[in-house]
Amino acid sequence: MKYIGIKRTAIALLLSLPGTHLTAQTGNAPTLPSQPPNLLLLVHQQFRFGSESAREKYEIEITKASKQLNVPNQWIDLQSITGTPEALFFDPLDSFEQLDYASAAWGRINALHPELARWQEEIRELETSERTAIAVRRSDLSYRAGFIDLSKARYMRVLEIRLWPGHEEEFVEAFKTLRAAYEKIKADTPWVVYQVNVGMPSPAFLAFVPMRALRQNDDLLAWRGPLRDAEGEAGAERMQQIARAAYQSMESNLYAIRPEMSHVFKEFADGDPGFWSLAASTDPQSSGNEPANLAALRSGAEAQHYQ
């Protein structure tokens, strides 16, 4: 899990849960495969304009130190391409027990390596806002999530849907209808849905579409017509009714994965070692490892094309 989540926010969340205790239990360290996890801890961070290089330098130092120290958890750094400029840390977990374990382990690591705390405080000085949430996987609303291999993803499309209270059943109906339509047209881009458990106004859901290339967005655009046909006229109308009545807000954004500021276990990195090895080889003074054209995507017309 991202250091910042363990050091501050995740511990606060743990202390608010009844019956939780910080103990280091042998064998509880996450050993997650590259498929979507049962739980996600998501940390949204925004930073002062012009602080990108300084922030990246400290994040890379933390990532390198974490690899050497064999820290108990993983995190994937996502940098926004569309929407508000931000970092989104995507921290996989199997259970709240692993969050408990990682919190205790980080307490010992911080005591032995105060430079980690110093680097994190430097990052905090650059922040303008931060929001943390924990979400639970909803396999019943996901599409072919078992085919997802996060280790091979380069980008992530994230759909955030906030509902009006009392409309969860309509949302479930809508996404099951959508999943059935995807199955009918045999779409080859899987996605996974999570329901927010703590950290955001409820009810809220998040859908993640891992992508190897941005051109997969072209497939999503091309499928609009076939999906509507697969839903049928009555099904499409019902989907629109649900959206009007149940959805308080809906936002879709694209993020790029930054391996040099991510920390994943060897078993995960082995899925694409050439990509994830950037986490060990990046010079902290260099910030030139962004995916091609990422800066243009953030600020130019190309970004608008993919929104």
Side-chain angles (χ1 to χ4, degrees), residues 32-40 42 76 78 82 88 90 92-94 133-197 200 202-255 306-307:
L32 299 173
S34 55
Q35 290 186 2
N38 293 329
L39 293 179
L40 284 177
L42 301 163
I76 297 174
L78 305 174
T82 64
L88 170 59
F90 180 101
L93 293 166
D94 264 348
I134 296 179
V136 180
R137 178 174 167 175
R138 289 291 303 266
S139 297
D140 59 322
L141 305 180
S142 305
Y143 173 68
R144 299 189 179 183
F147 290 92
I148 292 175
D149 185 349
L150 291 173
S151 72
K152 291 180 170 56
R154 298 291 184 273
Y155 301 91
M156 191 81 74
R157 188 169 186 137
V158 182
L159 176 66
E160 179 180 308
I161 300 175
R162 299 191 185 191
L163 304 177
W164 296 108
H167 287 275
E168 291 94 329
E169 289 187 6
E170 288 115 312
F171 174 82
V172 169
E173 177 189 346
F175 259 68
K176 286 185 175 180
T177 299
L178 182 63
R179 184 182 65 182
Y182 265 72
E183 289 284 5
K184 194 169 183 178
I185 69 170
K186 296 180 171 56
D188 59 2
T189 297
W191 33 266
V192 59
V193 175
Y194 287 81
Q195 182 170 2
V196 175
N197 183 264
M200 288 175 59
S202 296
F205 291 83
L206 301 164
F208 295 89
V209 187
M211 296 181 170
R212 299 190 185 192
L214 285 173
R215 62 177 175 269
Q216 287 181 257
N217 287 277
D218 294 326
D219 294 334
L220 298 179
L221 292 173
W223 292 337
R224 287 181 176 177
L227 283 171
R228 185 177 178 87
D229 292 341
E231 291 165 0
E233 185 175 345
E237 176 60 30
R238 175 58 179 157
M239 293 279 280
Q240 293 179 8
Q241 290 175 353
I242 291 173
R244 289 192 295 266
Y247 292 9
Q248 184 178 26
S249 66
M250 181 170 62
E251 183 174 357
S252 179
N253 282 302
L254 281 169
Y255 294 83
Y306 286 108
Q307 276 184 306

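For Phe90 and Phe208, the ring centers sit closer than 6.0 Å to each other.
The closest side-chain heavy-atom distance from Tyr194 to Val136 is not below 4.5 Å. The shortest side-chain heavy-atom distance between Glu160 and Met200 falls under the 4.5 Å cut-off. Between Glu170 and Gln241 there is no side-chain heavy-atom pair separated by less than 4.5 Å. Using a 4.5 Å heavy-atom cutoff, the side chains of His167 and Pro203 are not in contact. Side chains of Met250 and Ile161 form a contact here, defined as non-hydrogen atoms less than 4.5 Å apart. Looking at Ile134 and Leu93, their side chains never come closer than 4.5 Å, going by heavy atoms from C-beta outward. Residues Leu254 and Asn217 have side chains in contact (heavy-atom distance under 4.5 Å, counting atoms from C-beta outward). Side-chain contact between Trp191 and Leu159: absent, with no pair of heavy atoms (C-beta onward) separated by less than 4.5 Å.
Of all heavy-atom pairs spanning Met211 and Leu220, the tightest one is CE-CD1, 3.6 Å. Heavy atoms only, all atoms of each residue included: Gln35 and Leu150 are closest at O-CD1, 4.0 Å. Of all the heavy atoms in Leu141 and Phe205, the pair that sits closest is CD1-CE2, 4.2 Å. Closest of all the heavy-atom pairs between Arg137 and Pro36 is NH1-O, 2.7 Å. For the residue pair Pro226 and Ile185, the shortest heavy atom distance occurs at O-CG2, 3.7 Å. Here the closest heavy-atom approach between residue Tyr247 and residue Leu163 is recorded as CD1-CD2, 3.5 Å.
Among pairs with a residue in residues 177-188, those fulfilling side-chain hydrogen bond (donor to acceptor under 3.5 Å, both in side chains) read Arg144-Glu183, at least two apart in sequence or across chains.
With rounding to the nearest 0.5 angstrom, the CE atom of Met156 is 5.5 Å from the CG atom of Leu78. Note that CZ of Arg228 and CD of Gln240 are 5.0 Å apart. Values are rounded to the nearest 0.5 Å. To the nearest 0.5 Å, atom CZ of residue Arg162 and atom CG of residue Leu206 are 9.0 Å apart.
Between the side chain of Thr82 and the backbone N or O of Asn253 there is no donor-acceptor pair closer than 3.5 Å.
Using modelled atom types, one finds a donor on one side chain and an acceptor on the other under 3.5 Å when comparing Gln195 with Arg138.
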- Between Arg244 and Glu237, is a salt bridge (charged side-chain N to carboxylate O under 4.0 Å, His left out) present by the stated rule, with each step listed? CA-CA 11 Å; Arg244 289 192 295 266; Glu237 176 60 30; 3.5 Å; yes
